[in-house]
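One structure is given here, and the rest of the page talks about it.
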Amino acid sequence: MKIQFQVSKPVLCGNERRYVIDALDSGWISSNGAYLPKFEKAIAETLRVDECLSTSNGTTALHLACLSLGLKPGDEVIVPSLTYVASANAIAYCGARPIFADCDPLTWNATSECIAKVWTPRTVGVLAVHLYGMPTDIDKIAELCRSRGAWLLEDCAESLGATIFGKPTGSFGDASTFSFYGNKTISTGEGGALYVQDPERRRHARMLRGQGMDLNHRYWHPILGYNYRMTNIAAAIGLGQIEMLDFHLAERRRIAACYFKQLRPLEAEGLLRLPTQVDGYSSSYWLFSAVLTGGGDELRARIMNQLATEYGIETRPFFVPMHRLPMYFSEESLPKTEFLATHGMNFPTYTGLSDADVDEICGAIGHVLRTVS
Ligand SMILES: *Cc1c(COP(=O)(O)O)cnc(C)c1O
């Protein structure tokens, strides 16, 4: 059966087209042009911070953030094992070593408690992730880092718009990064952004983004830099998208509420577990997700396959834990992470998915879960 419901898709229903045509007509299609500062300003306003930098993608934003925080070979950084590979890779790009934390089984995030458990004397920083849009206890992690003299970097690729007691994720750390890949809450095709709190470190990040060139002296490159810039065309799409951020977030929260309502009975039957909602924490519900209570990845694969072939519903498995990938492999066991990684699934979550669509998806999930063996 043809896929009717994808896990995610970009919805360009604002001024994106108009702005892109304007950017093309202006001739400014590369990494200068009026949409770049406008988009950067809009991101900063969303975070309620003074300034943000756009980047070519979320991974380059993470790399710049790590470099601007002074990460160097031999250092150790704590990062959740259950994340997208880019979080760990950014640490490795700097020659440093990622130390993997287990996660909280209820919110699926590496919390302050999980992080404190793996702290070593070589830990220089923490790279916290708000998985699938659910905020981690970033206020407590910030406190932990402050008390131990380490920096905090927030990977908010999945959590743009998520808040803790009204304060946006991405405004707690010494730096934070965002992704605007095609499946993220808002997209620029490929794109990313970063916030660096300290003005000196921010200057450094800006220089690194632009080939290490002195900001006041053309073709003087005192440091080894990169070309990690965003294009004006991408920023034009981004501005159109971010103008509609509240709408896209409201859509995701409506969809999540509908999933909660429809899937509660399956949770009561013990067939799956839904994300735990923490008081004061507002998820962006980048992808609505649930965790099977047993069976492991073979059963999950059968369920996913049945949903796709019989009902046209695409789902996604949770990420493979970092400590199970060849370049970061370790025998050590992180049991909660391993359980989630083999039992968790992401469901279709995108602007325009109607309540009736979610009802239909949940009906299919219920049928498959009750009959699969
Ligand atoms: C998507 C994502 C990234 C990387 O973003 P790209 O724009 O694809 O480079 C980094 N971290 C997490 C947690 C992500 O989900």
Side-chain angles (χ1 to χ4, degrees), residues 7-10 39 43 52-67 77-94 98 100-101 103 107-110 115 125-136 138 141 152-162 169-170 172-173 175-195 209 226-231 234-235 237-238 241-242 248 252 275 283-289 316-323 325 328 337 340-341 344-346 349-350:
V7 166
S8 126
K9 62 179 172 192
F39 181 45
I43 305 164
C52 284
L53 305 180
S54 58
T55 58
S56 50
N57 59 61
T59 308
T60 53
L62 279 167
H63 188 195
L64 288 180
C66 287
L67 290 168
V77 177
I78 298 172
V79 61
S81 181
L82 191 63
T83 183
Y84 182 59
V85 69
S87 320
N89 285 355
I91 297 164
Y93 294 161
C94 300
F100 299 113
C103 59
T107 63
W108 316 332
N109 276 318
I115 289 166
V126 170
L127 201 169
V129 182
H130 308 282
L131 198 71
Y132 303 130
M134 182 69 78
T136 187
I138 197 71
I141 297 174
L152 172 60
L153 166 56
E154 291 177 73
D155 181 346
C156 304
E158 306 178 359
S159 73
L160 181 66
T169 60
F172 289 84
S176 57
T177 64
F178 298 84
S179 166
F180 308 118
Y181 183 68
N183 66 10
K184 297 290 160 70
T185 302
I186 64 166
S187 178
T188 61
E190 291 276 2
L194 90 144
Y195 166 62
R209 179 183 68 170
Y226 304 84
N227 176 0
Y228 283 174
R229 295 177 298 246
M230 176 178 271
T231 68
I237 302 173
Q241 286 267 282
I242 205 163
H248 293 298
R252 288 182 136 78
S283 175
S284 63
Y285 291 109
W286 171 49
L287 293 178
F288 191 85
S289 312
R316 255 180 38 172
F318 274 19
F319 298 123
V320 173
M322 294 303 105
H323 71 288
L325 297 179
Y328 303 123
T337 294
L340 290 171
M345 297 164 69
N346 309 119
T349 316
Y350 52 84

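Both ligands and their constituent atoms are indexed starting at 1 by order of listing. As a basis for the values below, the full set of heavy atoms in this structure was taken, side chains included, without hydrogen atoms, waters or symmetry mates.
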Would you mind running through ligand 1 and noting each atom that sits below 4.0 Å from a heavy atom of [X]?
X: A86; answer: 4 (C), 10 (C)
X: A157; answer: 2 (C), 3 (C), 10 (C), 11 (N), 12 (C), 14 (C), 15 (O)
X: G58; answer: 5 (O), 6 (P), 7 (O), 9 (O)

Protein contact to [atom] [nearest heavy atom, distance to 0.1 Å]:
atom: atom 3 (C) of ligand 1; value: Y84 CD2, 3.6 Å
atom: atom 5 (O) of ligand 1; value: S179 OG, 3.2 Å
atom: atom 4 (C) of ligand 1; value: T59 OG1, 3.7 Å
atom: atom 15 (O) of ligand 1; value: E158 OE2, 2.4 Å

Tell me whether D155 contacts the main-chain N or O of L127 through its side chain, where contact means a donor paired with an acceptor under 3.5 Å.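 Checked: no pair found.
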Hey, are the side chains of [X] and [Y] touching, using non-hydrogen atoms and a 4.5 Å cut-off?
X: F178; Y: C52; answer: no
X: M134; Y: W108; answer: no
X: S54; Y: R209; answer: yes
X: Q241; Y: F180; answer: no

Using non-hydrogen atoms of the residue, decide whether G191 is closer than 4.0 angstrom to ligand 1.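 Flag set, G191 near ligand 1.
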Using heavy-atom distances only, which candidate in H130, H63, K184 approaches atom 1 (C) of ligand 1 most closely? K184
The option among N89, N57, D155 carrying the non-hydrogen atom nearest to atom 11 (N) of ligand 1 is D155
In terms of ring plane angle, is the pair Y84 and F319 parallel, tilted or perpendicular, where the classes change at 30° and 60°?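 Tilted.
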Parallel, tilted or perpendicular for Y328 and F100, by the 30°/60° rule? perpendicular
Is the number of heavy atoms from other residues, nucleotides or ligands under 6.0 Å of Y181 OH greater than 12?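 At most 12 heavy atoms, drawn from other residues, nucleotides or ligands, come within 6.0 Å of this atom.
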Location of contacts on T83 toward ligand 1, heavy atoms closer than 4.0 Å: side chain
